[in-house]
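Each remark here refers to the structure printed beneath this line.
Numbers for residues simply follow the sequence, beginning at 1. In each ligand, atom 1 is the first atom listed, and ligand 1 is the first ligand listed.
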Amino acid sequence: MKINILTLFPEMFSGFKSESIIGKALEKNLLEINIVNIRDFCYDKHKQADDMPFGGGAGMVIKPEPLFRALETVKGKVIYTTPQGVKFNQKLAIELAQEEEITIIAGHYEGIDERVVESKVDLEVSIGDFVLTGGELPAMMMADCIARLVPGVIKKESYENDSFFNGLLDYPHYTRPAEYEGMKVPEVLLSGHHKNIETWRLKESLKRTYLRRRDLLVGRELSKEEKKLLAEIKRELGK
Ligand SMILES: COc1ccccc1CNc1ccc(C(N)=O)cn1
């Protein structure tokens, strides 16, 4: 899979590409992340990539010419990160991870010229209802979420336990030491009894989802075991 990211600030992506899981995946050529500097496609003397908005008002808009030219050099579905987009979520990430190639335009300032959106953008996507100085962090977040779904980037077992993979929030995690400052790891996790551990984890996921994101339970098919555990949880919570 190849992810192109069009941006005015390519340096923002150097750490993202060199560190940790994404860095290792790129080293292993499991995927490709191609950062495209929009300014490379400004052919005027001053390399002007943005300009004042027609109709007046504050802020700057990214000019159409450099974007159209940059888009000529990439392929795949074109995503534009903007507060006006559809909400990004794990389901959309899973869909996008099936693509051979995608291109993400990181908007900046007040955004990009609408003629680019109308003629080239396939999907406007927002990572949440808040405004940032640019679309680079949303582009990085989306690329990270999509990249970790590419086979080989993380162990398959890991993402199958992803919070949003089974529709529930994740269970609590512990590692050594078994006791720290008097705080103990739940006994069941030290028991080596895999069925009990699996049940404990499912119950904790259900409890967290019930308490923090009850909306995720609405319309979710509950297995017989999940129904039993949820009834236990409600009794224990006295609700
Ligand atoms: C006023 O900013 C813009 C206006 C239009 C486009 C891009 C920007 C750049 N900023 C962004 C981008 C995305 C998100 C998000 N929620 O995904 C938040 N801010």
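Near Gly135, meaning under 4.0 Å from one of its heavy atoms, ligand 1 places the atoms 9 (C), 12 (C). Residue Gly128 has at least one heavy-atom neighbour below 4.0 Å for each of these atoms of ligand 1: 16 (N). The ligand atoms of ligand 1 that sit less than 4.0 angstrom from a heavy atom of Thr81 are 7 (C), 12 (C), 13 (C).
Of the candidates Val61, Ile112, Val125, Ile127, Ile127 brings a heavy atom nearest to atom 15 (C) of ligand 1.
Scanning the protein heavy atoms around atom 5 (C) of ligand 1, the nearest turns out to be Glu110 O, 3.4 Å. Nearest protein heavy-atom contact of atom 3 (C) of ligand 1 is Tyr109 O, 3.5 Å. Of the protein's non-hydrogen atoms, Leu132 N, 2.9 Å is the one closest to atom 19 (N) of ligand 1. Of the protein's non-hydrogen atoms, the one nearest atom 18 (C) of ligand 1 is Phe130 O, 3.3 Å.
Although no hydrogens or angles enter the test, the distance criterion places a donor-acceptor pair under 3.5 Å between the side chain of Arg69 and the main chain of Phe41.
In terms of heavy atoms, Tyr109 sits closest to Ile62 at CD1-CG1, 4.3 Å. Residues Glu136 and Leu8 approach most closely at OE2-N, 3.9 Å, considering heavy atoms.
With Ile79 as the partner, the side-chain contact (heavy atoms from CB on, under 4.5 Å) test is satisfied by one option alone out of Ile3, Ile104, Leu92: Ile104.
Remark: the Thr82 side chain and the Gln84 side chain contain an N/O donor-acceptor pair separated by less than 3.5 Å.
The aromatic rings of Phe16 and Phe13 lie perpendicular to each other, with more than 60° between the two planes, well past the 30° mark.
At a 4.0 Å cut-off, at least one heavy atom of Tyr80 sits close enough to ligand 1 to count as contact.
In this structure, Leu190 belongs to a hydrophobic cluster whose other members, linked by side-chain heavy atoms under 4.5 Å apart, are Tyr174, Val185, Val188, Leu189, Ile197, Trp200.
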